[in-house]
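Below you'll find the structure, written out as structure tokens, and then a few comments.
Chain naming here is simple, since letters A, B, ... match the order of the sequence lines and numbering starts at 1 in each. As a basis for the values below, the full set of heavy atoms in this structure was taken, side chains included, without hydrogen atoms, waters or symmetry mates.
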Protein chains: 2
Amino acid sequence: MGEPVGADPDPAPSLSKAARTRSAIIEAALRLFREKGYDDTTMRAVAAEAGVSVGNAYYYFASKEQLIQGFYDRAGAEHRAAADPVLATERDLAARIMGVSHAWIDTMAPYRSFAGRFFANAAEPTSPLSPFSTESSPARTSSIALWRDVLDGSDTKVPRYLADELPELLWLAFMGTVLFWVHDASDDAARTKLLVTRTAPVIVRAIGLSRLPVLRATVADLVGLIGELKTL
Amino acid sequence: MGEPVGADPDPAPSLSKAARTRSAIIEAALRLFREKGYDDTTMRAVAAEAGVSVGNAYYYFASKEQLIQGFYDRAGAEHRAAADPVLATERDLAARIMGVSHAWIDTMAPYRSFAGRFFANAAEPTSPLSPFSTESSPARTSSIALWRDVLDGSDTKVPRYLADELPELLWLAFMGTVLFWVHDASDDAARTKLLVTRTAPVIVRAIGLSRLPVLRATVADLVGLIGELKTL
DNA sequence: GGCTCCTGTTGAACGCGTTCAACTTTTCGT
DNA sequence: ACGAAAAGTTGAACGCGTTCAACAGGAGCC
């Protein structure tokens, strides 16, 4: 390839030609998705906008659906950036959960019109875009790590027997929020924001209550069940 | 239409020609879906199998996706039939929940290979097939009614302040089960069955615990939130 | 019967996502 | 520097879901 020999693998100004073509296609796709939505954006248009042939676009992306992965990566990074200030300053757990969730809702706002279409594709179990698929395992891991940060940086003490599973549980709850958001047609995602605002304190209280003897056995059962389900 | 004047609206032996064509198409579609899956079944093949032209199939069904509605209706009825014996004999709430859930899993078993594809379509918010859409409101209502029966016929007392919302909450929890089932690749849906078996007693215990003063306020808050979310 | 609607019915045609044989360019061992 | 293998690139072609102008038949009215 046109890369200088021995250069560092991915310097921003001089990406390999292949990498540049790749991101030109994603760039074109996202622009068009935003302008005309997912369904009304044709692969022919994406290729033309990126200055390549249709066949070439398919050399880099196995399908139109795969272009969405590029969107995910970008959105994930944007979310991180928007969530970091909250995680750096706020110590109250409920506020951290709310802050990180709202950060996500805000970064996704520009894409809301067509993001529903995306997540529907992701809902199909055989799709590599599914948040539970092995293909999206890296994205999932880093997303769960984000929720671990939410917990770790807070002043709330988590019971030992919950500590390991709780980040994943928060992530799962957040996936529920995303599902709600997808179906939420209210202005400015007001309903989703209400859901988050009202749910976050309940989660914190539930964590506190999970120490109570009446609940402890039940909660421990559920945590054990999750472990079982993952290994079955 | 060819219907005798003043005849009862839909006598089984002599359906109107239109209705017969309609169900011939659904019949053909389901047969082919089962044989070759959703994606590998073409509308041309469905039309041929039903003995009509492609255009005619589109006269009765707005899209290939709409054929799925026929599948839903059928599956819903089958589930009812399979659940009724449980509801008629069993009084223990956990057993009723498990029985009705397992009945669903069993009736859906033959369709599992392609049902995931269906539910993915249903996950798209704008789709009329979405369980939350206005188009599927009748199916949703009757499904919630089923879960009301589950509660009403049991010997468990439900706190007043929960009684109104609980059937819908059980339905919602069951939608979660369905989502899990869609992603469950285990033999005979073993993981989903484990989930149901272990979750049902927890639900019953949670209903009992919801009377406790420590929890009551929180649970009431959540119930109130649901009400708010629906009206916003 | 003749006329007008409305309900059905048809298959060719359209635009789409995707594939593929053919071609060009780059890489790399010698 | 050379040549073969690998990587990149092309657009016509395929099969699909879907649309639509055109046509057929029956119901109701005169």
So does A:Y59 get a side-chain nitrogen or oxygen closer than 4.0 Å to the phosphate oxygens (OP1/OP2) of D:dG8?
-> yes
Positions of residues 25-42 of chain A (non-hydrogen atom under 4.0 Å from DNA chain D), listed by number | none
Specify the separation, in whole Å, of atom CD of B:E65 and atom C1' of D:dC16.
-> 16 Å
Among the nucleotides C:dT9, D:dG8, D:dT10, which one has an atom lying closest to any side-chain atom of B:Y60?
-> C:dT9
A:R20 CZ to D:dT9 P, in whole Å, measures 10 Å
Between C:dG17 atom C1' and A:I68 atom CD1, what is the distance in whole Å?
-> 13 Å
Take nucleotides 19-25 of chain D nucleotide by nucleotide from the 5' end and write B, S or -, depending on whether a protein heavy atom sits under 4.0 Å from the base, only from the sugar-phosphate, or from neither.
-> B------
Select one nucleotide: of C:dT18, C:dT9, D:dT18, the one nearest the side-chain heavy atoms of B:M43.
-> D:dT18
Check: residues 127-135 of chain A side-chain donor-acceptor pairs under 3.5 Å, at least two apart:
{"from": "A:S127", "atom 1": "OG", "to": "A:E65", "atom 2": "OE2", "distance (Å)": "3.1"}
{"from": "A:S127", "atom 1": "OG", "to": "A:L129", "atom 2": "N", "distance (Å)": "2.9"}
{"from": "A:S130", "atom 1": "OG", "to": "A:F132", "atom 2": "N", "distance (Å)": "3.1"}
{"from": "A:S133", "atom 1": "OG", "to": "A:P128", "atom 2": "O", "distance (Å)": "2.8"}
{"from": "A:S133", "atom 1": "OG", "to": "A:S130", "atom 2": "O", "distance (Å)": "3.0"}
{"from": "A:S133", "atom 1": "OG", "to": "A:E135", "atom 2": "N", "distance (Å)": "3.4"}
{"from": "A:S133", "atom 1": "OG", "to": "A:S136", "atom 2": "N", "distance (Å)": "3.2"}
{"from": "A:S133", "atom 1": "OG", "to": "A:S136", "atom 2": "OG", "distance (Å)": "3.1"}

Counterpart residues, salt bridge (charged side-chain N to carboxylate O under 4.0 Å, His left out), relative to A:D187 (two or more places apart) = none
Taking only distance into account, with no hydrogens and no angle test, what donor-acceptor pairs under 3.5 Å do side-chain atoms of residues 52-61 of chain A form with protein atoms, sequence neighbours excluded?
{"from": "A:S53", "atom 1": "OG", "to": "A:N56", "atom 2": "N", "distance (Å)": "3.2"}

Taking only residues two or more places apart in sequence, or in another chain, which ones meet B:T126 in a side-chain contact (heavy atoms from CB on, under 4.5 Å)?
-> B:E124
Do the side chain of A:R44 and the base of C:dG17 come within less than 3.5 angstrom through a donor-acceptor pair of N or O atoms?
-> yes
Identify the heavy atoms of A:D106 and A:P110 that sit nearest to each other, and give their distance.
-> O-CD, 3.8 Å
Shortest side-chain distance from A:T21, nucleotide among D:dT9, D:dT18, C:dT7 | D:dT9
Grab the CZ-C1' distance between B:R22 and C:dG8 for me, whole Å please.
-> 14 Å
Across all chains, not counting sequence neighbours, the side chain to side chain donor-acceptor pair (under 3.5 Å) partners of A:W171 are A:S143
If you draw the axis of the six-membered ring of A:F114, does the NZ or CZ of A:K36 fall within 45° of it and under 6.0 Å from the ring centre?
-> no
Residues which pass salt bridge (charged side-chain N to carboxylate O under 4.0 Å, His left out) with A:D84, listed by chain and number, not counting sequence neighbours = A:R80
Sequence neighbours left out, what passes ring pair (Phe, Tyr, Trp, His ring centres under 6.0 Å) with A:F180? Give chain and number order.
-> none
